[in-house]
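Below is one structure, written out as structure tokens, with a few remarks after it.
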Amino acid sequence: MGKGGEKGEETGEHEAQILFYSWEEIQKHNLKTDKWLVIDRKVYNITNWVRRHPGGHRVISHYAGEDATDAFWAFHINPSFVQKFLKPLLIGELAPGEPSQDRDKNSQLVEDFRALRKTAEEMNLFKADPLFFSLYLCHILIMEALGLLMISYYGNGWITTFILSCILATSQAQAGWLQHDFGHLSVFKKSVWNHIVHKFVIGHLKGASANWWNHRHFQHHAKPNIFKKDPDVNMIHIFVLGDSQPVEYGKKKLKYLPYNHQHEYFFLVFPPLLIPVYFQMQIMMSMIRHKFWADLIWAFSYYIRYFITFIPFYGVLGSLFLLTFVRFLESHWFVWVTQMNHIPMEIDNEKHRDWLSSQLAATCNIEQSFFNDWFTGHLNFQIEHHLFPTMPRHNFWKVKPLVKSLCAKHGIHYEEKTLGRAFIDIVGSLKKSGDLWLDAYLHK
């Protein structure tokens, strides 16, 4: 690196003069106290900005020392507005002889994907249909009203309560898919309205935290199925995933649990406990620890509404039991739907792939049908959702043929399966990883 690069490193974010940097120099700045990244060939020092990043400091830090161009365009619905925050962080540009992509990525593939995104924009596929989301919200509210009317008319017998639990669990699951839409800024043109309605849906309708969800979920989208970067594959030693982690645990003789039986205890641990235990604890701790007071108020509004509604029928303890059972049912729904697209796919350490390749390696689709669309909240189009997270879900089917064509052109595997096959593959993948662990544990 020449003298100009050294000067840019010393002066950091406040250097007015535009300097040129090589990828070799940029890749050195991926430390906790020193972070650079590249967007559209411009180099930014984000070291002091990460803590103020609205999406959380971790998601932007995952791109330190890398090209973040496609991630930047994927996550922001108004890039020109965001540019004003980037301007003070600009310290230079890629040197003229440097490729636009780092680490020998396929430049033609990257350019083809960006052309595909431009085509999708020209087709208005990033424009939401207000009627779709209005009706979707209405069907959630109707289910809640139906449940209340049912126990008001038929009383709180066991059969009525069980049916009520199923209705409320369905309402909660569907509200979960709806908050996902607003969280990804895929409904309104202005971010602020997406944020406001997101807080209402996830807070008032579900009792959860928008900030907790944003900071966690955006990391998953930025680096799907990447250990230490995607929180969804941080299994806190309960499961081992993929092909490399089980072998690593086995060689180190790590046996927190009998992982060769993880495909069996999965049914006892993951689906029934994720939402009612782990998520509930994590959400409350996150809101208090990070002082998400607005989220806490929204969450309290849910619990106040819930207990005012059901205490007259069930009392305090009965209402708590009902809530726990509803969460228990919803958790099964949530786990099977969210894990079927990812656990059977490649799970490994960072490989610094381009945006298209990284998303396709970590995601798969489920066949389309009216039921699958509704049941999964259109997450059966997981590939398209990961490639274009701000695209309204009702347009995924329109962009799907273009994505498949691009994958075929570049020899990238586009995986699609039935819903039943996807569920079976979760268990099969866990068994395969458990067997790899046992072999390494005993013989390596």
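Because the structure is predicted, anything quoted here is derived from the model rather than measured.
Using a cut-off of 4.0 Å between Lys/Arg side-chain N and Asp/Glu carboxylate O, Glu350 and Lys228 are scored as not salt-bridged. Residues Asp373 and Arg393 are not paired through a salt bridge, judged by the lack of any N-O separation under 4.0 Å between the basic side chain and the carboxylate. Salt-bridge check for Lys206 with Glu330: passed, with a basic side-chain N closer than 4.0 Å to an acidic carboxylate O. We find that Lys251 and Glu248 are not joined by a salt bridge, their nearest charged nitrogen and carboxylate oxygen being 4.0 Å or further apart. A salt bridge links Asp232 with Arg216: at least one charged nitrogen is closer than 4.0 Å to a carboxylate oxygen. Of the charged side-chain nitrogens involved, none lies within less than 4.0 Å of a carboxylate oxygen, so that Arg421 and Glu367 do not count as a salt-bridged pair. Ionic pairing of Lys42 and Glu93 is present here: one or more N-O contacts between side-chain nitrogen and carboxylate oxygen are shorter than 4.0 angstrom.
In this structure, His261 and His263 have parallel ring planes: the angle between them is below the 30° cut-off, well short of the 60° mark. His237 and Tyr249 have tilted rings, their planes meeting at an angle from 30° to 60° on a 0 to 90° scale. The aromatic rings of His53 and Trp49 sit perpendicular, their planes meeting at an angle over 60°, well past the 30° parallel limit. The aromatic rings of His215 and Phe292 lie perpendicular to each other, with more than 60° between the two planes, well past the 30° mark. Aromatic ring pairs are classed by plane angle as parallel below 30°, tilted from 30° to 60° and perpendicular above 60°; the pair Phe388 and Phe113 is parallel.
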Item to complete: Verify side chain to side chain donor-acceptor pair (under 3.5 Å) between Thr376 and Asn380, making sure each step is shown before the conclusion.
Response: CA-CA 6 Å; Thr376 68; Asn380 50 326; 3.0 Å; yes
Worksheet item: Yes or no on side chain to side chain contact (heavy atoms under 4.5 Å, CB included) for Gln172 and Arg327, after CA distance, side-chain angles and deciding distance?
Response: CA-CA 8 Å; Gln172 285 293 293; Arg327 297 286 195 220; 2.8 Å; yes
Discussion item. Checking His217 against Trp212 for the ring-ring contact (aromatic ring centres under 6.0 Å, His included) test, could you report, in this order, the C-alpha distance in whole Å, the side-chain angles of both residues, the deciding distance, and whether it holds?
Written reply: CA-CA 8 Å; His217 193 66; Trp212 165 82; 9.7 Å; no
Worksheet item: Can you list the steps and then say if Glu111 with Arg114 is a salt bridge (Lys or Arg N to Asp or Glu O under 4.0 Å)?
Response: CA-CA 5 Å; Glu111 291 304 316; Arg114 292 176 184 174; 3.7 Å; yes
Item to complete: Show your working on salt bridge (Lys or Arg N to Asp or Glu O under 4.0 Å) between Arg117 and Glu121 and close with a plain yes or no.
Response: CA-CA 6 Å; Arg117 181 181 179 86; Glu121 291 172 351; 3.4 Å; yes
Worksheet entry | Full working for ring-ring contact (aromatic ring centres under 6.0 Å, His included) between Phe200 and Phe182 | CA-CA 10 Å; Phe200 167 76; Phe182 290 104; 9.1 Å; no
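At least one side-chain heavy atom of Leu274 sits less than 4.5 Å from a side-chain heavy atom of Phe334. Proximity of Ile366 to Thr418: side-chain heavy atoms (C-beta onward) are nowhere separated by under 4.5 Å. For the pair Leu419 and Phe371, the minimum side-chain heavy-atom distance is below 4.5 Å. Side-chain contact between Leu116 and Leu387 is absent, with no heavy-atom pair separated by less than 4.5 Å. By the 4.5 Å heavy-atom criterion applied to side chains, Gln27 and Asp102 are counted as neighbours. The shortest distance between side-chain heavy atoms of Asp181 and Phe133 falls below 4.5 Å. Annotation: side chain of Asp439 is in contact with side chain of Lys444 (closest heavy-atom distance under 4.5 Å). Within the 4.5 Å cutoff, side-chain heavy atoms of Trp374 are placed close to those of His139.
Within the cation-pi definition used here (under 6.0 Å to the ring centroid, within 45° of the axis), Lys223 qualifies as a partner of Tyr63. Relative to the ring axis of Tyr441, Lys253 places its NZ or CZ within 45° and under 6.0 Å from the centre. Geometric assessment of Arg58 against the ring of Phe218 yields a negative cation-pi assignment under the 6.0 Å and 45° thresholds.
The only member of His221, His394, His220 that meets ring pair (Phe, Tyr, Trp, His ring centres under 6.0 Å) when paired with His385 is His221. Results of the side chain to side chain contact (heavy atoms under 4.5 Å, CB included) test with Val43 over Leu37, Leu90, Ile91 single out Ile91 as the only residue that passes.
A donor-acceptor contact closer than 3.5 angstrom links the side chains of His29 and Asp34. A donor-acceptor contact under 3.5 angstrom links the side chains of Ser80 and Asn78, judged on distance only. Counting only N and O atoms by type, the side chains of Asn45 and Thr47 include a donor and acceptor under 3.5 Å apart.
A donor-acceptor pair under 3.5 Å is formed between the side chain of Asp295 and the backbone N or O of Ala210. Looking at Asn365, its side chain does come within 3.5 Å of a backbone N or O of Gln382 through a donor-acceptor pair. Within the 3.5 Å criterion, the main-chain N or O of Pro271 finds a donor-acceptor partner in the side chain of Ser331. The closest donor-acceptor contact from the side chain of Glu98 to the backbone of Trp23 lies under 3.5 Å. At distances below 3.5 Å, at least one donor-acceptor pair connects side-chain atoms of Thr363 with backbone N or O atoms of Gln359. At distances below 3.5 Å, at least one donor-acceptor pair connects side-chain atoms of Gln245 with backbone N or O atoms of Leu241. Counting only distance, with no hydrogens or angles, the side chain of Asn194 and the backbone of Val187 share a donor-acceptor pair below 3.5 Å. Side chain of Asn225 to main chain of Glu346: a donor-acceptor pair is present (N/O by atom type, distance under 3.5 Å, no hydrogens or angles).
Atom CG of residue Asn30 and atom CD1 of residue Ile26 lie 11.5 Å apart, to the nearest 0.5 angstrom. For the atom pair CD1 of Ile226 and NE2 of His352, the computed distance is 9.0 Å after rounding to the nearest 0.5 Å.
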